[in-house]
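Throughout, residue positions are numbered sequentially from 1 according to the sequence presented. Bear in mind the structure is a predicted one, so any value in this text is a computation, not a measurement.
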Amino acid sequence: MLKGKKAYICSPLSAPTPEGVSHNMEMAKFYLLRMKALYHCRTFASHAHLPLMLDDAIPEEREAALRISREMMKLCDVLIICGRRVSEGMEGEIKEAFQLGMEVYWYDSIMKPFELMRIEHWRDINDEVQVQRENIPQ
């Protein structure tokens with residue numbers, strides 16, 4: 001299905017504590033390797049490494065990280081939403097992926113650990129993941 005394609009991993013980075021951010025970075029690394037192993041695609045996730053250099057709590061560094069992420073995402077064919085929570089940063093990436101005409105998939109390692117679900121529209125995942133109501137486009 002994704003063999004030979006480039007896939008951007010979309011998972012949360014933000015968290016209330018530095019330990020939570022570190023955990024989310026490790027999860028991004030896990031998703032990078034998992035998607036590569038399961039679907040034989042090249043995987044990209046800037047948030048697996050950028051927080052080591054750029055501080056998400058400093059607005060200009062967060063914006064730089066988001067710009068780098070967007071440029072990296074534009075190199076990809078597919079966006080894969082990983083996990084059960086959509087953060088504010090992820091929301092922007094998902095919206096941009098749809099605007100760019102990218103294929104969008106959702107990977108839920110708990111509900112369906114070996115299956116990617118194709119997402120045709122943002123609203124397709126509203127009932128399945130924790131999305132803040134103000135983040136849902138009309």
Practice item. Keeping the roles fixed (side chain from D77, backbone from E103), state whether a donor-acceptor pair exists under 3.5 Å. Key: no

Exercise for review: List the steps, then state whether side-chain contact (heavy atoms from CB on, under 4.5 Å) holds for Y31 with T43.
Suggested key: CA-CA 9 Å; Y31 292 132; T43 52; over 6 Å; no

Practice item. Before giving the answer on salt bridge (charged side-chain N to carboxylate O under 4.0 Å, His left out), spell out for E71 and R67 the whole-Å C-alpha distance, their side-chain angles and the decisive distance to 0.1 Å. Key: CA-CA 6 Å; E71 290 303 315; R67 279 194 313 271; over 6 Å; no

Point to revise | Heavy-atom check, side chain of L54 versus side chain of R62, under 4.5 Å | key: no

**Study point:** Parallel, tilted or perpendicular: ring planes of H47 versus Y8, cut at 30 and 60 degrees
**Key:** tilted

**Study point:** Single-linkage hydrophobic cluster, 4.5 Å side-chain cutoff, L100 and V104 together
**Key:** yes

Review point. Considering only heavy atoms from C-beta outward, does the side chain of L116 approach that of L2 to under 4.5 Å?
Key: yes

Exercise for review: Would you check if I68 and M53 make a side-chain contact, meaning some heavy-atom pair closer than 4.5 Å?
Suggested key: no

Practice item. Not counting sequence neighbours, which residues clear salt bridge (Lys or Arg N to Asp or Glu O under 4.0 Å) with E26? List them please. Key: K29

Check your understanding: Any donor-acceptor pair under 3.5 Å linking the side chain of K6 with the backbone of L75?
Key -> yes

Point to revise | With sequence neighbours excluded, residues passing side chain to side chain donor-acceptor pair (under 3.5 Å) with E63 | key: R70

Review point. Under a single-linkage definition using a 4.5 Å side-chain heavy-atom cutoff for Ile, Leu, Val, Met, Phe, Trp and Tyr, are L66 and L79 assigned to the same hydrophobic cluster?
Key: no

